[in-house]
Amino acid sequence: MGEKTWDKILKELEPTVSRPNFATWLKPTELSEDQTGIVTIAVPNPYAKNWIEKNVLTKIYELLRAEIPNIESIRIVVSDQVGRVARHKAAAEAPLFEETEEKIEKETNKEVEPLFNERYNFANFVVGNNTRLAFAAAQVVAEKPGEAYNPLFIYGGVGLGKTHLMLSIGNEIHLRFPKKKIIYTSCETFTSEFIQALQNKTINEFKHKYRTADVFLIDDIQFLSNKEGTQEEFFHTFNMLHQANRQIVMTSDRMPREIADLEDRLTTRFGWGLIADIQAPNFETRLAILQSKAKERNVEVPMDVLEYVANLITNNVRELEGSLIKLETSARVENVPITKDFAKQTLKVMGNQSEGQFSTKQVIKTIAEHFSLETSDLLGSKRTKELVYPRQLVMYVLRENLHQSYPQIGDALGGKDHTTIMHGVNKITKLRKTDEQIESDINAISKKLGKV
Ligand code: ADP
Ligand code: MG
């Protein structure tokens, strides 16, 4: 009874929430009801519970009332027995609802040393709306490597916690399953190892190393762009691992389809599991991160200073952290208390240099001036050579320096299609390597923007 009712309700909920939200929070759940009208929804982790309570509980209640007229209340319990895999097991096999946390406690092997820097863990990652999905997915993957989302693809701007989450997955899996072979590499390292293996004729060792991983964590996969040979090798590695249900986790600064010159067969595969994005944190989350970091470092920082910093640095957690360290060390050296005025003085330069401090408008204006054009020329749609190149430079700078998405840049340029932007960025990226004129234009523009 429970299963049928629940399936029906899930079907009704599905169109009302986003696809990843549905897949992450709602799909792996189960419902049961008892005689007295108490309905229990079992969810795989505390984050799912939290999300459901916050976003869809009222709706669920309404829908359930139509199905179960005598419904008294809804209980949400966390259980590691739920989910696709559990569904196929005999229902009677095990008590269905068991609190996971106790169980994890028992299974966790306290003797095991962390595999990667121990500061990369789930506990000190501050979860805000910007990271909720990625965080929950990372936890699920760490609990059930190879079973839940494969691959897990995390994307987001620079310094927003992608590597942190990825290495937390690595550390957590290592703790739970010490025997699993976990490989972490950056895409750049993977590429250079591959090239070296070709040169040294050690390609078999190279293949063996990666293809025998139980968990393969590969960071900054956008660097596969334009690298045909490495893409080919990665494709085979991916297939071997995926077919054997080995967990693959990737990070990128952009979505799979935004990675220029990436083979279609890879773009498709990157979307097979779950694609989770990380956005810049909002003010409250930035403040929470600062508080958590101050606590971690054991420094007392007054609230007004934290608020000042949270307002100053808006789109990069690494810089947020960096400014706190800077305050801490400067205050120690100068032997003064950390006050708001002191913070203003100390971080003034930082605020100016910080990425994102010059605006989209400034970029367009600076580039227009550099070529003695009007801003409106760049925003228009005339496609003469004199205009196309400067426009592509705008795309390039917005992409590389401000880390904007292609659609975002398209909007800034008066409503251009994201494929046009992708093409433009790609072209400048390629030509910059060989064309000295482009290099010198970019340098001149960067100087004018105050970024050398
Ligand atoms: P990315 O890989 O996205 O460029 P990182 O994972 O290297 O970013 O994060 C940059 C720094 O900020 C790291 O020191 C990381 O620990 C910290 N950090 C990022 N996001 C968070 C967060 N939500 N909570 C706590 N620390 C964070
Ligand atoms: Mg990173």
Can you name the closest pair of heavy atoms from [X] and [Y] and give their distance?
| X | Y | result |
| --- | --- | --- |
| P145 | I173 | CB-CD1, 3.8 Å |
| L160 | I278 | O-CG2, 3.6 Å |
| E439 | R432 | OE1-NE, 2.8 Å |
| L320 | L290 | O-CD2, 3.7 Å |
| T189 | T185 | CB-OG1, 3.4 Å |
| I259 | R254 | CG1-CG, 3.8 Å |

Hey, what's the ring geometry for [X] with [Y], parallel, tilted or perpendicular (30° and 60° as the breaks)?
| X | Y | value |
| --- | --- | --- |
| Y155 | F153 | tilted |
| F371 | Y389 | perpendicular |
| F270 | F234 | perpendicular |

Distance alone, cut at 3.5 Å: any donor-acceptor contact between the side chains of [X] and [Y]?
| X | Y | value |
| --- | --- | --- |
| Y396 | N401 | no |
| T339 | D341 | no |
| N130 | N282 | no |
| D277 | Q279 | yes |
| K180 | H174 | no |
| E233 | Y210 | no |
| K181 | T212 | yes |
| S225 | D261 | no |
| E307 | N311 | no |
| D220 | S186 | no |
| Y120 | N171 | no |

Report task. Could you tell me whether K365 and E369 make a salt bridge, using a distance below 4.0 angstrom between a side-chain N and a carboxylate O? Result -> yes
Query - E12 bridged to K8 by N-O distance under 4.0 Å - result: no
Query raised in the report: Is atom CD of E374 surrounded by more than 12 heavy atoms (other residues, nucleotides or ligands) closer than 6.0 Å?
Result: no
Let me confirm one number: the [atom1]-[atom2] distance from [X] to [Y], rounded to the nearest 0.5 Å.
| X | Y | atom1 | atom2 | result |
| --- | --- | --- | --- | --- |
| M250 | R269 | CE | CZ | 11.0 Å |
| L449 | T366 | CG | OG1 | 4.0 Å |
| I325 | S330 | CD1 | OG | 11.0 Å |

Query raised in the report: Are any of the side-chain heavy atoms of D214 and L241 separated by less than 4.5 Å?
Result: no
Query raised in the report: So, do V309 and L287 sit near enough that their side-chain heavy atoms are less than 4.5 Å apart?
Result: no
Requested in this report: Test N443 against S446 for side chain to side chain donor-acceptor pair (under 3.5 Å), laying out the working first.
Outcome: CA-CA 5 Å; N443 285 337; S446 302; 5.1 Å; no
Query raised in the report: On the ring face of F216, is R246 found with NZ or CZ under 6.0 Å from the centre and within 45° of the axis?
Result: no
Query raised in the report: Which of these, H164, E118, R119, sits in a side-chain hydrogen bond (donor to acceptor under 3.5 Å, both in side chains) with N124?
Result: H164
Report task. Any chance you could lay out the side chain to side chain donor-acceptor pair (under 3.5 Å) test for D219 and T251, step after step, and finish with the verdict? Result -> CA-CA 5 Å; D219 215 351; T251 72; 2.4 Å; yes
Query - Side-chain donor/acceptor of K448 to backbone N/O of A444, under 3.5 Å - result: no
Report task. Begin from the C-alpha positions of M422 and M395 and carry the test side chain to side chain contact (heavy atoms under 4.5 Å, CB included) through to its verdict. Result -> CA-CA 8 Å; M422 206 157 103; M395 299 172 192; over 6 Å; no
Report task. Go through the steps to decide whether L26 and W51 satisfy the test side chain to side chain contact (heavy atoms under 4.5 Å, CB included), and finish with yes or no. Result -> CA-CA 9 Å; L26 286 169; W51 187 88; 4.0 Å; yes
Query - ring pair (Phe, Tyr, Trp, His ring centres under 6.0 Å) assessment of F194 paired with F190 - result: CA-CA 6 Å; F194 173 60; F190 183 83; 7.0 Å; no
